[in-house]
Amino acid sequence: MSQERQPAGVSLIDVTRRFGDVEAVKNVSFDIEAGEFVSLLGPSGCGKTTTLRMIAGFEYPDEGDITLDGKSIVATPPYRRDTSMVFQDYALFPHRSVAQNLAFGLRMRKIPKDEIRAKIETMLELVELPGLGDRKPDQLSGGQQQRVALGRALIVDPAVLLLDEPLGALDLQLRKQMQLELKRIHREIGITFIYVTHDQEEAITMSDRIAVMNQGSVEQIGPATEIYARPETAFVAEFIGDANVLLATVVAVGEKPTVTFAADTLTMEVARPARTFSERDVVSAVVRPENVSIGPDADSFDNVYDMEVSEVIFAGSYVRIHGLIGGSPLWLTTTVSDASRSNQVGSRVRVGWDAGDVVLVEWKS
Amino acid sequence: MLVFFLIPVLILTVYSFWSVENFQVQRDFSFDNYTAIFTKPLLYKAFLLSLRVAFFSSFGAVLLAFPFAYFIAKKVVKYQSLALLAVIVPFWTSFILRAYAWRILLGPNGVINQGLEAAGLIEEPIGALLYSPTATGIGLLYVYLPLAILPIYSVLERLPDSLTEAAADLGASPFQVFREVVLPLSMPGVLVAGVFTFVFGIGEYVIPALLGGGKQLLYAEAIVLRINAQQDWPAAAAMAIVLMVLTFGMVALLGRRVRKMELF
Amino acid sequence: MLRVYAVLIFAFLYVPILTIIVFSFGESVYPTLPITDWTLEWYRTALTDSQLLEALTKSLIIAPLVGFISATVGLLAARELARREFRGKGLVLLVLLGPLLVPLIVFGLGLLLLFSSLDVPSSIWGAVIAHSVFGISLSTLILYSRLISFRESLMESAADLGAAPARAFFEVMLPLVFPAFAAAFLLSFTLSFDEFIVAWFVIGFDTTLPVEIWGRLRYGITPEINAIATVVLLVSLTLGVLGQKLASQRKDES
């Protein structure tokens with residue numbers, strides 16, 4: 001695609017949106033850089049779609065401001081905004097052919113006919129649907145419809161592309177393929193993508209940064225690796241990847257921060273937390289299952305415990321082992337070969353992990 | 001919309017408390033017009049006759065409609081929407097003309113009498129076929145039959161076959177299946193059909209005027225008579241209000257029993 | 001068994017209508033069987049009867065007006081009803097059902113008293129207004145049941161792609177709901193074209209076709225009625241079939 005349009009940054013400043021008494025979006029602020037691929041990730045009802053719809057102009061913020069390239073767009077109606085949306089249900093016009101669907105936005109912008117025709121051809125190539133211009137939407141497969149919806153949004157050269165769970169209706173395999181393709185298209189045309197999804201894997205695979213939303217607020221925003229390695233809340237820890245969230249009490253701060261857990265019967269060393277806690281604070285200690293080692297190797301780690309195995313579950317490429325340490329439940333993942341060595345239900349095994357793999361966050365009430 | 005619908009109703013209400021003297025409307029206030037409906041023989045007889053005719057015709061319509069609706073809903077597969085269309089369409093043709101057709105059919109020299117005569121079943125034409133409350137009843141039944149078929153069809157169509165099959169599987173005879181499963185579950189449709197044909201029947205004017213013969217007046221005819229012969233607007237208004245309250249009252253009762261009314 | 005019964009019911013529904021049509025071609029003044037001679041005489045009589053033709057013209061002025069007003073107002077009302085959730089929505093729908101349930105004679109009388117107390121001269125406008133009340137009710141219900149399944153995202157995506165609200169309406173919504181819109185028009189048209197009582201009350205000395213036919217029926221059997229009746233029946237049959245087909249058209253189009 002031509003670079004007629006410079007990608008634009010989007011900022012939300014203290015945006016609040018209420019539906020009746022419910023605050024769907026609460027004081028949300030973030031800045032998205034021009035050309036970035038950002039996902040709004042969260043469970044249904046977390047306010048991510050409302051946030052997206054406010055950027056598109058279908059909802060207005062009750063408080064706060066939204067800017068595109070530094071200019072407020074809150075008063076601009078959707079049909080004059082420089083944003084394009086890919087709808088969850090695609091919203092293809094059923095009475096129009098694929099080509100006519102693609103042409104719609106261009107016609108609204110009074111682009112000359114022959115130019116429209118040329119752009120349609122180019123777009124059909126980009127979304128890999130050459131020759132299907134004359135079909136009606138209902139003659140296309142779900143994946144093809146998805147591509148038309150994408151093409152229809154992109155053809156008008158928007159500064160920002162908004163995607164509302166665009167892959168939700170596709171089956172797993174197609175979804176994976178489309179993820180790669182969206183990534184490719186983003187690279188090729190370089191405009192800002194804002195992508196709403198409830199699928200953490202999708203968000204991790206595609207985005208430059210992820211904004212994790214919960215109950216109308218953004219809990220954390222950052223690159224996937226950072227969010228995964230250093231979750232700031234228990235919600236983020238559990239929503240992104242798997243996590244053991246242990247109720248713990250801070251007993252030492254400083255060079256060697258330490259907490260107790262399992263009803264204060266066990267202690268563990270932890271990494272220096274991002275925020276400051278004081279002694280006797282009640283916190284959540286987050287340990288990723290894949291960071292827990294099992295068997296004789298476990299002894300070399302900072303924190304080592306005895307675990308009673310209560311369940312061993314084969315999950316294909318790995319094995320999940322559930323058990324109790326000091327009466328507190330813990331689970332971990334290990335390779336099939338490691339698992340076969342020891343662990344039968346009821347047996348006692350050694351488990352261990354490094355202090356650096358424990359993240360302390362505020363106790364989730 | 002509301003203006004042109006609710007205001008006429010309000011005006012009717014106001015008029016109904018006025019009276020008439022020497023063909024002049026007096027703007028006073030009394031319930032006389034209402035008490036008259038239930039004390040003057042002409043009026044309450046017309047009212048009772050209307051109730052009776054409407055009841056029998058709506059009862060007949062539901063009775064005729066049920067097996068037919070069942071047939072369309074459960075036995076016709078390929079041409080179901082066509083059959084349904086064929087049921088609805090007469091409803092959209094001229095009301096007067098459909099009533100008039102029965103005059104041709106029922107008259108002393110009408111098709112039915114002649115047919116019976118030709119078949120040697122009767123010697124003389126049956127005069128009473130036309131111009132009687134019976135003729136009115138037949139006319140009502142005829143014009144509102146589609147209205148009875150549709151709601152019954154729509155409940156039967158949504159009745160899953162698995163229910164009747166389950167009942168049969170548990171040992172119910174076809175009759176028991178009907179009585180224990182089909183009928184109770186199609187009651188909403190039957191009630192809608194019955195009430196609607198009944199309330200439309202009570203307020204009907206064209207059919208009794210064309211087929212009833214005028215010797216025994218029905219309620220709507222009595223209303224028109226009040227206007228045409230006596231210029232007694234207030235009395236007519238009171239009678240109309242009674243009719244409307246009865247209609248809406250029955251529909252409201254129906255609405256409480258049947259949550260979802262699907263007419264179209 | 002049931003099959004035979006169903007055929008009988010269909011016969012019951014259609015024989016009276018067919019009777020009129022058949023007798024309109026019979027030579028005898030009285031509709032008696034057997035019909036010995038066939039003729040088109042009654043059509044000639046009917047089509048040269050200036051009074052009948054005038055009444056027909058009036059009906060043909062009123063009915064399309066009613067159809068258009070009803071379908072347009074109905075579309076706007078149904079759009080608002082289908083799009084918004086508000087308290088008392090059920091009540092609004094119930095009130096909409098009102099004009100279709102209220103006995104015609106009650107409504108006709110009420111409207112007559114309204115017009116006379118406002119000193120509105122009786123004219124075809126009275127009939128247009130009266131019939132539009134029914135037509136709007138009917139149209140709103142038809143269009144509402146269509147619009148309730150209309151995906152709002154289609155309008156949003158039109159806006160998103162740069163279509164102002166009016167443009168989005170004409171480019172996206174109207175084409176998609178057009179069958180229901182046409183159905184509302186046709187059925188309101190038919191309703192008005194066939195309606196007698198209310199027209200009879202409000203129209204005064206002008207007569208619509210049903211009112212004129214009514215007047216003649218009161219004087220006994222006049223064979224030209226069969227001819228004009230056949231024409232009327234065929235018109236409303238055709239419009240009724242079309243309208244009903246469009247109204248019940250599958251809603252999965254959007």
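Every chain is numbered from 1, with letters handed out A, B, ... down the list of sequences. Keep in mind that the numbers below use all heavy atoms, side chains included, and drop hydrogens, waters and symmetry copies.
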Inset, instruction - May I have the step-by-step check of side chain to side chain contact (heavy atoms under 4.5 Å, CB included) for C:Trp214 and B:Leu210, ending in yes or no? - result: CA-CA 9 Å; C:Trp214 173 259; B:Leu210 275 179; 3.6 Å; yes
Given heavy-atom pairs under 4.5 angstrom as the criterion, report whether the side chain, backbone, both or neither of [X] touches chain C.
X: B:Leu64; value: both
X: B:Val199; value: neither
X: B:Tyr142; value: both
X: B:Ile72; value: side chain
X: B:Ile223; value: side chain
X: B:Phe200; value: side chain

What is the distance from atom [atom1] of [X] to atom [atom2] of [Y], rounded to the nearest 0.5 Å?
X: C:Ile148; Y: C:Leu81; atom1: CD1; atom2: CG; result: 8.5 Å
X: C:Thr230; Y: B:Leu97; atom1: OG1; atom2: CG; result: 8.5 Å
X: C:Ile17; Y: C:Leu233; atom1: CD1; atom2: CG; result: 6.0 Å
X: B:Ile96; Y: C:Glu195; atom1: CD1; atom2: CD; result: 8.5 Å
X: C:Phe134; Y: C:Ser192; atom1: CZ; atom2: OG; result: 10.5 Å
X: B:Phe196; Y: B:Leu191; atom1: CZ; atom2: CG; result: 11.0 Å

If you count heavy-atom pairs within less than 4.5 Å of chain C, which of [options] leads?
options: B:Val87, B:Leu84, B:Val89; result: B:Val89
options: B:Val76, B:Ile202, B:Thr247, B:Val143; result: B:Thr247
options: B:Ala220, B:Ala86, B:Ala83, B:Gly203; result: B:Ala86

By a 4.5 Å heavy-atom criterion (distance strictly below it), what part of [X] contacts chain B: side chain, backbone, both, or neither?
X: C:Ile213; value: side chain
X: C:Val232; value: side chain
X: C:Ile197; value: side chain
X: C:Leu209; value: neither

Inset, instruction - Determine whether more than 12 heavy atoms belonging to other residues, nucleotides or ligands lie under 6.0 Å from atom OH of B:Tyr79. - result: no
Legend entry - Top contributor to chain B contacts, counting heavy-atom pairs under 4.5 Å, from C:Asp194, C:Leu18, C:Leu237: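 So the answer, after comparing C:Asp194, C:Leu18, C:Leu237, is C:Asp194.
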Legend entry - Pairs of heavy atoms under 4.5 Å with chain B: top-ranked of C:Thr190, C:Ile9, C:Thr19: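 Result: the option with the highest number of such pairs is C:Ile9.
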Inset, instruction - Report yes if some heavy atom in the side chain of C:Leu60 is under 4.5 Å from a heavy atom in the side chain of C:Phe189; otherwise report no. - result: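 C:Leu60 vs C:Phe189: side chains touch.
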Legend entry - B:Phe66 ring center within less than 6.0 Å of B:Phe178 ring center: yes
